2 protein chains.
Amino acid sequence: MFEIRQRDGLARVCRMVTAHGTVDTPALLPVINPNRPLISPREMKSTFGAQAIITNSYIIWRTPGLREAALSKGVHSLADFDGTVMTDSGTFQSYMYGRVEVGAKEIVEFQRSVRTDIGTILDIFTEPAATRDDVASAIEETIKRGAEAIPGKGEMLLAGTVQGGVYADLREDCARRMSDMAFDIHPIGGVVPLMEGYRYADLVDVVIASKKGLRPSRPVHLFGAGHPMLFPLAALMGCDLFDSSSYAKYAADGRILTPAGTLRVNELAEMPCACPVCSRHSAKEMAESQRLMAEHNLHISFTELRRVREAIRGGHLWELVEERARAHPSLIEALRRLATHSEYLERFEPLSRASALFYTGPETIQRPTVKRVRARLRERALPFVNKPLVVLPEVEKPYSRHHIETIEKIWKAADARIAVAGYFGLVPIELDEVYPISQSIIPQQTDLETQADAEREIRGEASAIDPAMPVFWDWQEEMTGLREGYPAKGAPDRDVGRVRAVADYQFGAGAGGALTRGAVAIVKSKRTGRIRNAMLDGKHVLSMRAHDGFFTLKPAGATVLHAALKAPRMRVVVAEDAVPFVKAGKNLFAKFALSCDPELRPGDEALLVDSSDKLLGLGQVLLVSGEIGAFERGVAVSARDGIP
Amino acid sequence: MFEIRQRDGLARVCRMVTAHGTVDTPALLPVINPNRPLISPREMKSTFGAQAIITNSYIIWRTPGLREAALSKGVHSLADFDGTVMTDSGTFQSYMYGRVEVGAKEIVEFQRSVRTDIGTILDIFTEPAATRDDVASAIEETIKRGAEAIPGKGEMLLAGTVQGGVYADLREDCARRMSDMAFDIHPIGGVVPLMEGYRYADLVDVVIASKKGLRPSRPVHLFGAGHPMLFPLAALMGCDLFDSSSYAKYAADGRILTPAGTLRVNELAEMPCACPVCSRHSAKEMAESQRLMAEHNLHISFTELRRVREAIRGGHLWELVEERARAHPSLIEALRRLATHSEYLERFEPLSRASALFYTGPETIQRPTVKRVRARLRERALPFVNKPLVVLPEVEKPYSRHHIETIEKIWKAADARIAVAGYFGLVPIELDEVYPISQSIIPQQTDLETQADAEREIRGEASAIDPAMPVFWDWQEEMTGLREGYPAKGAPDRDVGRVRAVADYQFGAGAGGALTRGAVAIVKSKRTGRIRNAMLDGKHVLSMRAHDGFFTLKPAGATVLHAALKAPRMRVVVAEDAVPFVKAGKNLFAKFALSCDPELRPGDEALLVDSSDKLLGLGQVLLVSGEIGAFERGVAVSARDGIP
């Protein structure tokens, strides 16, 4: 019922299918008060485009009129809504008032009886101030109730809430145990006090810990998240569903929501908003009408989710999150906390994006993509053979004729290793067109990465470099230095060097050597002079993509890499049933993918093999290790070619 | 015709009065193509709320049908617009096509003949690549043309454009010479290439240099600025008017404007915007209609100006600018460049704001407000008398009972100087409630201001401190240290110390001493325990404001300060005609203010005196040095009390 279509960070644009239609996630479920909806569910759909709503089954259960109506004609009729209906269980009421009158099993059965699409177990709310022991007990009770509820869920989708207070290990453990049960959705509960207290950094720890334990194929619902300024960050962390009563609560308090924070309407002279409501009404009219403020809040909240989904599709969610972090300093704290989780985040971060990387502040260098560049340069752009190293200051690309000629001269004169010093440290010139090295926009005079830092790094970490080898930093000086000290020894082909370096960087050490061992021919673009295709012994092995500087693998190239790199490197293993389809060049669907190289990232090229490692085809990875095996719907590897 | 109503940074919310109504600035004048308006001027007013439009008098002049219609029935009828009409002169056409057919004097006379509200001289466009000599010649020709145009302007308001390429000194000089002539508005010209090339940092230098030379009482128009992502920064630098053909040009290219950048509509799956157009149309419909995209662009542009005006009123324009800087790395460069001008900016920066200061990134510490705190602490919170210094780590305010008791103990035990170490460095505890020290929200672990930095500062710069005096940094340790080394010497009154410190910080050195020399009585809030009023020898001299921790001066306090502080300190000198009104407690209007203490800032308390320095009253400053004498309309000092 849940299928990934696009991704960025841990975020994903998915389709969630229920008995009453499809929900495009990340999605917002407006909270409907069953007693007195301020805005009717019908309007939620027609005016705001809501595909799903959430209402409270406990309130319906305890209110005689509502209860009978819901039991007789179903919750969709009661709410007058023909889309997806989710129901909450009374957990929050239990937390607020100390108890609820209904039993845990009874409320799940009630939800099924009123034919809700998604029901929720009556979990135990774990508040941030709770002791570790109390939280551990609450988790045990929640899991017990979950286990008891599942047999009775029938056709209803059931949400199994992750609890754990602020204890990351308990969250992860709870998430893992809930994932082992047959739930369909996992809310993250007990987080409202964190959000109300602007404890967004702690929220980051809680969400990431939960994500680590959860089965990635199930939608994650951040319970009670209704402020649009939080949607981009929460989506980036992999939350798929949000529910909001904020639109109504803030309106009742005379406040409106914006992605940049909250405004008190009676302090405004004019409305700083373009939404249909604010466009038609004065600040005075807005301040006098709770309903108008609520409508504004819904317009802005739904718009922010459209913006989030577009940012995922366009590959600029990180930029959106970093922009939104200016709404409140606590969100900057949250971003800094998120950076402590980058090793985990990097596993899901796409290889490249449709958009250039924009620097927005010191937080940008903490992004998984940036850390990946630095790690791969260390691991895959080595060994730095014992050649003199010439470092060019970062210059505008495309290089001027003068630059190109100078580079050629240096390189022919000395067979030197040439690197460019810039935001990403020292980058071998062969990799200067690879994402995001060339696809970044960085202000001048950043607070980061001086040449000295880069030099320290290369001296310290790149142990293949002979410390006695000279490093030339000056564009003019290095020419003199080279001419005197390092006469040419016969230069290898520079284009082949680039193919080798990019292949090592993209596919891992050894790939470049394998793909250039033989007679290499390079086809270049006449217009740009950049490499387009690489042929090995007359066969087309690689094409270079203009937008991100990485290679697209061709069948002959796949065959070479399959022979050169030992399993599981670059492999995705295909189930027996799907072998004929993959050979015929069809996409590999998630449920037919058995396992994969844990080093593969979304967007990576993959070798599709059968269980005995026979090469069947190749394609581009959409799902990665940990996700393969979990998802039942959607594409795991987008096919490029079958190898019959 | 131009009156300041609210201000923040160099920005101001003003009313500009023309023959066809009032324009609330900062304002956007949509550019109307006289030949084929995509969106009619009538709609500009009814749908988008445009109070003014701009059209091109040269295109009208050279197009026979338009020319005759404009001459016979006037440009307002031609455009079908009854609000303010500004006309441009052909300068940009001259720059684009090398020449125009009309004479400089002729086009100004033509503009007057078609009864435009605001005409523009035919200045010479100075492009960024022009040499210094060429720019200097262009300026001379522009000034010559300006001087020739003025006698014929009649009732028409005339815009005298500032040129100067990227040469800051030439810009400032040109601005000063244009200001000396009887123009009504000053466009800043020749900046479109800077904006098109994302050279926002250079734009900052150009605008600030122009502002330094311009008479502050005249509206400043940033010619050709039409992208909403630039409006907050441009307004912050004191630009009042913008004109946009961007709404149409981007639409023609299939792109829409957003405050966070530009989007290509055919790349979108859904519209990430809440405006009335995007709310009603799919991305596909939008992409197919130039008109819908233009409407969106106008909605968003006018909304961003409402947002800018609200940010000025609410005192959070800096936060908005810093948020918008994430739209493009070049805007971050611009912010960094702006920081090099903070000494100039600080002269106009209000004493406090309605909003708390939000940290958004390393740029925040470069704001004039933050630099002012550090400068005033050095200049006005000294001498740090030779007492042991106890430094408290920054703690949450309000202080807990434990903290207060500890502070009291330290202070009684040792008559020690107590400071709090935080974002603003070392702050004497007496000043910890003053804006923005207490009204700031800063993330933990900022990249700024370590305790070590603060200690270095205090050792290095606060020379009154005996370097041998101990500085205690540890909350526990300092108690031991004090008890052993520094027995109590009899503690002075802590509240009086606070009154003295705040008065020195707010009014300048010596003010605190004068206001506490005698019998001091302090009235405190029963609820918060904070100081509310200070009495000196039985007279009410000061009230402390809850929202910013500064004092409101009472007549008795004004009398004390008037006697203690020599002219021109804290003075605003009142023209003879206005003396009776000021004595009666009326506001001091701009045209009756003769001069003022150059150290006064917006929001400061001022002593109103006559030319022989007799005290007439007191009030709160709205206009500062350089503005007083220039403005002819509006309030210069908002009266608090007259002194008959």
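For clarity, every value in this text was computed on a predicted model and none was experimentally measured. No hydrogens, no waters, no symmetry mates; every other heavy atom, side chains included, goes into these values. Chain naming here is simple, since letters A, B, ... match the order of the sequence lines and numbering starts at 1 in each.
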- Query: Which is it for M293(A) and Y250(A) under the side-chain contact (heavy atoms from CB on, under 4.5 Å) test, yes or no, and what are the steps along the way?
  - Reply: CA-CA 8 Å; M293(A) 289 186 277; Y250(A) 280 81; over 6 Å; no
- Task: Pick whichever of H328(B), E304(B), R324(B) has the most heavy-atom pairs under 4.5 Å with chain A.
- Result: H328(B)
- Item | Pair Q51(B), D24(B): side-chain N/O donor-acceptor within cut-off below 3.5 Å | yes
- Query: Is there side-chain contact between Y435(B) and R353(B), with heavy atoms separated by less than 4.5 Å?
  - Reply: yes
- Please list, in residue-number order, every residue in residues 259-268 of chain A that has a heavy atom less than 4.5 Å from any heavy atom of chain B; write 'none' if there are none. A260(A), E267(A), L268(A)
- Message: So P26(A) and F231(A), do their side chains get closer than 4.5 Å, heavy atoms only?
- Response: no
- Item | Heavy-atom pair count under 4.5 Å with chain A, highest-scoring of G314(B), S279(B), P276(B) | P276(B)
- Message: Using the rule given for side-chain hydrogen bond (donor to acceptor under 3.5 Å, both in side chains), can you reason through S342(B) versus Q366(B), listing the C-alpha separation, both sets of side-chain angles and the distance that settles it, and then say yes or no?
- Response: CA-CA 8 Å; S342(B) 5; Q366(B) 305 289 344; 5.4 Å; no
- Is chain A contacted by the side chain of A327(B), its backbone, both, or neither, given a heavy-atom distance below 4.5 Å? backbone
- Among G49(B), S330(B), C273(B), the residue with the most heavy-atom pairs under 4.5 Å to chain A is C273(B)
- Query: When only pairs under 4.5 Å are counted, which of I332(A), T364(A), V277(A), V308(A) shares the most heavy-atom pairs with chain B?
  - Reply: I332(A)
- Note on the structure: Looking only at R326(A), E322(A), M271(A), the option with the highest number of non-hydrogen pairs under 4.5 Å against chain B is R326(A)
- Quick one: of H299(B), R280(B), E363(B), R309(B), who has the most non-hydrogen atom pairs under 4.5 Å with chain A? R309(B)
- Sub-4.5 Å side-chain heavy-atom contact between L233(B) and L338(B): yes
- Task: Considering only NZ, NE, NH1 and NH2 on the basic side and carboxylate oxygens on the acidic side, decide whether R313(A) and E310(A) come within less than 4.0 Å.
- Result: yes
- Note on the structure: Answer key: most heavy-atom pairs under 4.5 Å with chain B among C278(A), A325(A), A269(A) is A269(A)
- Derivation and outcome, side-chain contact (heavy atoms from CB on, under 4.5 Å), residues D205(A) and H341(A): CA-CA 8 Å; D205(A) 287 340; H341(A) 300 288; 2.8 Å; yes
- Item | Ionic contact status for E323(A) with R307(A), cut-off 4.0 Å | no
- List the steps, then state whether side-chain hydrogen bond (donor to acceptor under 3.5 Å, both in side chains) holds for T340(B) with R337(B). CA-CA 5 Å; T340(B) 66; R337(B) 191 70 64 84; 5.6 Å; no
